[in-house]
Chemist: 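I am attaching a structure below and will ask some questions about it afterwards.
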Amino acid sequence: MNNDKPLLAAIIGGLSTLSAEIISRIMLALGIGQYSIYLLDSLILTLNRPNFFLGLYINFVIGGLVGLIFYYLIKCIGQANLIVKGAFVGMLATTIAEMIFSSGIEGTHIPLRPIGDYYLHIVGSAGFGLTMGIAFKAYIFFKDTAGSSSN
């Protein structure tokens, strides 16, 4: 079971992107921003043709990688404040992604995005990180009935 935890961490990371997409779709419906998180990430492959399913695929892969990195990072820095650490990791991952988009795609392959897009992605990344932190606490770093840690 212990060897399954990195895989579970990657699955949690990938599935946690769903909360970020839901948040971004709500904000789009409220008129904030232009691209949802999945649509923006699909531009990594298509450059100028946003596609939901490509974005879903890319986000699951990137979210899984972030979940795996977060899992091994927690083993080094500890489990205290796991949900806050998850939110921080989610926002850090989005900052790195935004730097890639701003330098490589935005302005050359797609027009400059409105500032609301950045806020939309920040709020979505916080939702991703919070969801990931809660799921890690519930499914990976929980205490079993004997009182011993299961990590």
Chemist: Is there a path of hydrophobic side-chain contacts, each under 4.5 Å between heavy atoms of I/L/V/M/F/W/Y residues, joining L68 to L15?
Modeler: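 L15 and L68: one cluster.
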Chemist: Whether the Y38 and S24 side chains hold a donor-acceptor pair (N or O, under 3.5 Å, no angle test) is what I'd like checked.
Modeler: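 No, S24 and Y38 have no side-chain donor paired with an acceptor closer than 3.5 Å.
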Chemist: Only one of L92, V66, T94 clears side-chain contact (heavy atoms from CB on, under 4.5 Å) with S125; which?
Modeler: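 Exactly one option meets the side-chain contact (heavy atoms from CB on, under 4.5 Å) with S125, and it is T94.
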Chemist: Using the side-chain contact (heavy atoms from CB on, under 4.5 Å) definition, which of the options N51, L43, D41 pairs with I58?
Modeler: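 One option only clears the test, and that one is D41.
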Chemist: State, with a plain yes or no, whether a side-chain heavy atom of E21 is found less than 4.5 Å away from one of F52.
Modeler: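 They are in side-chain contact.
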Chemist: Could you tell me which non-hydrogen atom of I110 sits nearest to which non-hydrogen atom of N48, and how far apart they are?
Modeler: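 Looking at all heavy atoms of both residues, the shortest contact is CG2-CA, 4.1 Å.
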Chemist: Could you give the distance from CD1 (I83) to OG1 (T131), rounded to the nearest 0.5 Å?
Modeler: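 Between atom CD1 of I83 and atom OG1 of T131 there are 10.0 Å.
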Chemist: If every non-hydrogen atom of L120 is compared with every non-hydrogen atom of G33, which pair is closest and at what distance?
Modeler: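 That would be CD1-CA, 4.3 Å.
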Chemist: Quick one: are I134 and Y139 in side-chain contact, heavy atoms under 4.5 Å?
Modeler: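 The answer is no, as the side chains (C-beta and beyond) never meet within the 4.5 Å cut-off.
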Chemist: Which heavy atom of L45 sits nearest a heavy atom of L54, and at what distance?
Modeler: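 Between these two residues, the closest heavy atoms are CD1-CD2, 4.3 Å.
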Chemist: What are the two closest heavy atoms between G124 and A20, and how far apart are they?
Modeler: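 Heavy-atom minimum between the residues: O-CB, 3.2 Å.
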Chemist: Assess the residue pair M132 and S19 against the criterion (side-chain contact (heavy atoms from CB on, under 4.5 Å)); give the C-alpha distance rounded to whole Å, side-chain angles, the decisive distance to 0.1 Å, and a yes or no.
Modeler: CA-CA 9 Å; M132 189 170 62; S19 64; over 6 Å; no
Chemist: Please report the closest heavy-atom contact between Y72 and P6, naming both atoms and the distance.
Modeler: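 Looks like OH-CG, 3.4 Å.
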Chemist: State, to 0.1 Å, how close P111 and E106 come at their nearest heavy-atom pair, and which atoms those are.
Modeler: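 Nearest pair, atom of P111 first, then E106: O-CG, 4.1 Å.
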Chemist: When rounded to the nearest 0.5 angstrom, what is the spacing between CG in L39 and CG in L56?
Modeler: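 That separation rounds to 11.0 Å.
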Chemist: As an exercise, state the distance from CG of L47 to CZ of R49, rounded to the nearest 0.5 Å.
Modeler: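 Reported to 0.5 Å precision, the distance equals 7.5 Å.
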Chemist: Does L18 belong to the same Ile/Leu/Val/Met/Phe/Trp/Tyr cluster as L130, with side-chain heavy atoms less than 4.5 Å apart forming each link?
Modeler: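 Hydrophobic grouping puts L18 apart from L130.
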Chemist: Report yes or no: does K85 contribute a side-chain atom to a donor-acceptor pair with the main-chain N or O of A80 at less than 3.5 Å?
Modeler: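 A pair under 3.5 Å: yes.
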Chemist: Is it the case that atom OH in Y118 sees more than 12 heavy atoms from other parts of the structure closer than 6.0 Å?
Modeler: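 More than 12 heavy atoms, drawn from other residues, nucleotides or ligands, come within 6.0 Å of this atom.
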Chemist: Below 4.5 Å, heavy atoms only, C-beta onward: do E98 and L40 meet side chain to side chain?
Modeler: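 They are in contact (side-chain heavy atoms under 4.5 Å apart), so the answer is yes.
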Chemist: For the hydrophobic clusters of this structure (ILVMFWY residues joined by side-chain heavy atoms under 4.5 Å, transitively), does one cluster hold both I62 and M91?
Modeler: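 Different clusters.
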Chemist: Could you walk me through whether I37 and F128 pass the side-chain contact (heavy atoms from CB on, under 4.5 Å) test, one step at a time?
Modeler: CA-CA 11 Å; I37 291 176; F128 160 73; over 6 Å; no
Chemist: Just how far is it from atom CD1 of I105 to atom CZ of F101, taken to the nearest 0.5 Å?
Modeler: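 Here the interatomic distance stands at 5.5 Å.
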Chemist: Are I115 and M27 connected in a single hydrophobic cluster, I mean Ile/Leu/Val/Met/Phe/Trp/Tyr linked by side-chain heavy atoms less than 4.5 Å apart?
Modeler: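 Looking at the clustering, I115 is in a separate group from M27.
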Chemist: Please assess F88 against F70 for the test side-chain contact (heavy atoms from CB on, under 4.5 Å), listing each intermediate value before the final yes or no.
Modeler: CA-CA 10 Å; F88 176 76; F70 186 47; over 6 Å; no
Chemist: Within the 4.5 Å heavy-atom criterion, are L28 and Y35 side-chain neighbours or not?
Modeler: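 A side-chain contact is absent here, since even the closest heavy-atom pair is not under 4.5 Å.
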Chemist: Are M99 and I44 joined in one hydrophobic group, where the rule is that I, L, V, M, F, W and Y side chains link up if heavy atoms are under 4.5 Å apart?
Modeler: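 No, it is not one cluster - the side chains of M99 and I44 are not joined through contacts under 4.5 Å.
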Chemist: Nearest 0.5 Å, what's the CG-CD1 distance between L7 and I12?
Modeler: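 Reported value, rounded in 0.5 Å steps: 10.0 Å.
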Chemist: Starting at CD1 of I122, measure out to CG of D117 and round the result to the nearest 0.5 Å.
Modeler: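 Answer for the CD1-CG pair, I122 versus D117, is 11.0 Å.
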